Amino acid sequence: MARSNNYFTLKKFSSKNIPLWIMVKKEIADYIRSWQFIILLLITALTFFASMYVAMSNINAAVSNTKDPDHLLVYLKLLTITDGSLPPFHVFLSFLGPLLGISLGFNAINSEQESGTLIRVMAQPVYRDNLLLSKFISVNILLSAIFATLALLMVGSGLLITGAPIEFEESIRIFSYVILCVFYVGFWFSLSIIFSVRFKQAATAAIASIGFWLFFTIFYNIIINMVSKVIIPKSSLFSQQQHAWVKALFHMAPNQLYNDATTTLLMPKVRSLGPMSMEQMAGAIPNSLPIRDSLLMVWPQVSGLISATIVCFALAYYFFMRKEIKC
């Protein structure tokens with residue numbers, strides 16, 4: 001990403017340390033003015049409007065399906081229903097989210113070092129950790145603005161077309177989904193920053209970040225399946241406990257954490273993220289879960305994404321603080 005040379009505007013703070021909010025403002029301006037961010041924003045908006053068009057075309061059939069406990073939750077249906085021609089937006093975002101985070105972070109540090117702007121910024125009265133922190137905060141602010149805007153557009157278009165008022169529980173679920181999307185994309189951004197700090201070439205950092213994304217998307221489940229077939233024979237007496245351990249490994253992937261949490265938040269009829277026994281199904285009432293129960297169910301997934309994001313950013317912080325910056 002080509003960075004602007006507006007670090008010269010920081011010179012007015014030459015007599016004291018530059019505040020963090022000034023650096024965040026500079027980073028936000030750099031991202032907004034870059035063609036890379038504009039193209040990613042257009043791709044995200046295009047997939048959103050395409051998914052909304054398909055959902056609007058099938059909303060009448062979804063609402064009239066009285067066998068579905070969630071058929072009256074119109075605005076949640078707009079994010080989940082499809083006719084098979086295009087996947088819903090939350091499925092689109094499970095693929096676009098990692099690409100969005102990687103594209104914003106794989107050249108966050110090394111591109112400035114190659115262009116010479118990094119050494120010039122560090123020559124100003126700037127705390128080194130504030131430089132990395134400003135990039136992380138600015139990206140999260142932009143992501144929050146993007147997903148919040150898309151959610152408001154979805155609600156507004158639903159009000160204009162259907163005329164149905166939005167329920168309080170729906171608004172809480174959509175707001176929680178927006179926060180989840182920010183954490184999900186923020187994780188991939190933090191991961192890509194690690195490679196941006198470690199590798200001098202932006203292309204190498206991009207390949208490493210995309211490699212990690214492909215590993216968790218494709219190869220992770222294949223490896224877990226292969227290992228489980230070797231260590232868990234069919235005749236094992238403790239197969240139930242071992243299968244629970246393998247299932248836990250499946251749900252450790254970031255994309256699986258996002259999918260599980262999204263499914264629970266946007267589909268209140270989901271009562272469990274795993275298989276249910278016959279005793280549990282016999283006593284279950286076919287009704288939507290309250291928002292409190294859904295939030296309690298997805299808290300392990302959300303806390304896992306938050307923890308992974310913090311760990312990745314902490315590693316990037318450690319490597320950056322020990323990095324030698326040369327001209």
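Please read these numbers as outputs of a predicted model, since none were measured by experiment. Side chains included, hydrogens not; waters and symmetry mates left out as well; all remaining heavy atoms used.
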**Request:** For residues 140-159, pull every pair meeting side-chain hydrogen bond (donor to acceptor under 3.5 Å, both in side chains), keeping only residues two or more places apart or in separate chains.
**Result:** none
**Request:** Carefully, step by step, assess L143 and C181 under the rule side chain to side chain contact (heavy atoms under 4.5 Å, CB included).
**Result:** CA-CA 8 Å; L143 293 175; C181 293; over 6 Å; no
**Request:** With rounding to the nearest 0.5 Å, note down the distance linking CG in N130 to CE in M23.
**Result:** 6.0 Å
**Side-chain donor/acceptor of T117 to backbone N/O of Q113, under 3.5 Å** = no
**Item:** Partners passing side-chain contact (heavy atoms from CB on, under 4.5 Å) against S176 (at least two apart in sequence or in another chain)
**Value:** I172, L265, L295
**Item:** ILVMFWY cluster, L305 and L296 together (side-chain gap under 4.5 Å)
**Value:** no
**Prompt:** With sequence neighbours left out, which residue pairs that include part of residues 172-181 fulfil the salt bridge (charged side-chain N to carboxylate O under 4.0 Å, His left out) condition?
**Reply:** E169-R173
**Complete:** In terms of heavy-atom contacts, E112 and E27 come closest through OE2-OE2, 4.1 Å
**Value rounded to 0.5 Å, distance of CD1 in I102 from CD1 in I207** = 12.0 Å
**Prompt:** What's the spacing between S209 OG and L191 CG if we round to 0.5 Å?
**Reply:** 5.5 Å
**Item:** Side-chain donor or acceptor of H90 paired with backbone N/O of T262 under 3.5 Å
**Value:** no
**Item:** Residues that E114 engages under salt bridge (Lys or Arg N to Asp or Glu O under 4.0 Å), provided they are two or more places apart
**Value:** none
**Prompt:** ring pair (Phe, Tyr, Trp, His ring centres under 6.0 Å) with F319: which residues, sequence neighbours excluded?
**Reply:** none
**Message:** Going by side-chain contact (heavy atoms from CB on, under 4.5 Å), name the residues that satisfy it together with L159, two or more places apart in sequence or in a different chain.
**Reply:** Y75, V155
**Prompt:** Between I174 and F49, is there a shared hydrophobic cluster once you connect ILVMFWY residues whose side-chain heavy atoms come closer than 4.5 Å?
**Reply:** yes
**Message:** Going by side-chain contact (heavy atoms from CB on, under 4.5 Å), name the residues that satisfy it together with F313, two or more places apart in sequence or in a different chain.
**Reply:** L132, L133, F136, S190
**Item:** Residues that K200 engages under side-chain hydrogen bond (donor to acceptor under 3.5 Å, both in side chains), provided they are two or more places apart
**Value:** none
**Prompt:** What is the minimum heavy-atom distance between M52 and L79, and which atoms define it?
**Reply:** CE-CD2, 3.9 Å
**Message:** With a sphere of 6.0 Å drawn around NZ of K25, does it hold more than 12 non-hydrogen atoms of other residues, nucleotides or ligands?
**Reply:** no
**Asked** So how far is it from S103 OG to I210 CD1, rounded to the nearest 0.5 Å?
**Response** 7.0 Å
**Message:** Just so I know, are the side chains of M267 and L76 near enough to count as touching, which here means a heavy-atom distance under 4.5 Å?
**Reply:** no
**Request:** Sequence neighbours left out, what passes ring pair (Phe, Tyr, Trp, His ring centres under 6.0 Å) with Y53? Give chain and number order.
**Result:** none
**Asked** Which heavy atom of P87 sits nearest a heavy atom of S51, and at what distance?
**Response** O-OG, 3.4 Å
**Complete:** In terms of heavy-atom contacts, L99 and F95 come closest through CG-O, 3.6 Å
**Asked** So does M252 have more than 12 non-hydrogen atoms from other groups sitting under 6.0 Å from CE?
**Response** no
**Prompt:** Taking all non-hydrogen atoms of both residues, which atom of L180 and which atom of A261 are closest, and how far apart?
**Reply:** CD2-CB, 3.5 Å
**Request:** Indicate yes or no: at least one non-hydrogen side-chain atom of I166 is less than 4.5 angstrom from one of S171.
**Result:** yes
**Complete:** Output for pair (L93 CG, T47 OG1), nearest 0.5 Å, gives 7.5 Å
**Item:** I141 side, atom CD1; I146 side, atom CD1 - distance, nearest 0.5 Å
**Value:** 12.0 Å
Ignoring hydrogens and angles, write down the donor-acceptor pairs under 3.5 Å from the side chains of residues 213-224, residues two or more places apart or on other chains.
from	atom 1	to	atom 2	distance (Å)
W213	NE1	T217	OG1	3.2
T217	OG1	W213	O	2.7
Y220	OH	L249	O	2.5

**Fill in**
Minimal heavy-atom distance between V24 and S138, with the atoms involved, is O-CB, 4.0 Å
**Message:** Side-chain heavy atoms nearer than 4.5 Å, only ILVMFWY residues, links allowed to pass through others: does that put L142 and I38 together?
**Reply:** no
**Request:** List for me each residue that meets ring pair (Phe, Tyr, Trp, His ring centres under 6.0 Å) alongside Y258, sequence neighbours excluded, and say none if there are none.
**Result:** Y184
**Request:** Say whether L96 and L46 are linked into one hydrophobic cluster, either directly or through other cluster members, by side-chain heavy-atom distances under 4.5 angstrom.
**Result:** no
**Asked** Among all residues two or more places apart in sequence or in another chain, which pass the ring pair (Phe, Tyr, Trp, His ring centres under 6.0 Å) test with F89?
**Response** F48
**Message:** Using a 3.5 Å distance criterion without hydrogens, assess whether the side chain of R198 forms a donor-acceptor pair with backbone atoms of F320.
**Reply:** no
**Request:** Show the numbers, then the answer: is there a side chain to side chain contact (heavy atoms under 4.5 Å, CB included) between T264 and Q301?
**Result:** CA-CA 10 Å; T264 306; Q301 286 76 18; over 6 Å; no
**Asked** Do the side chains of L150 and T44 get nearer than 4.5 Å, heavy atoms only?
**Response** yes
**Message:** Strictly distance-based, threshold 3.5 Å: is any side-chain N or O of S196 a donor or acceptor partner for the main-chain N or O of I109?
**Reply:** yes
**Request:** Answer yes or no: is there a side-chain heavy-atom contact under 4.5 Å between F147 and V185?
**Result:** yes
**Request:** Decide side chain to side chain contact (heavy atoms under 4.5 Å, CB included) for F187 and I306; before the verdict, give the C-alpha distance in whole Å, the side-chain angles of both, and the deciding distance to 0.1 Å.
**Result:** CA-CA 8 Å; F187 163 75; I306 296 175; over 6 Å; no
**Side-chain heavy-atom pair N58, K77 within 4.5 angstrom cut-off** = no
**Prompt:** Out of curiosity, does Y127 fall in the hydrophobic cluster containing I137 (side-chain heavy atoms, cut-off under 4.5 Å, transitive links)?
**Reply:** no
**Message:** If we ignore hydrogens and angles and just use 3.5 Å, is the side chain of S307 paired with the main-chain N or O of S303 as donor and acceptor?
**Reply:** yes
**Prompt:** Mind checking whether F106 and F199 have ring centres under 6.0 Å apart?
**Reply:** no
**side chain to side chain contact (heavy atoms under 4.5 Å, CB included) between D129 and M321, worked out** = CA-CA 7 Å; D129 54 349; M321 295 300 290; 4.0 Å; yes
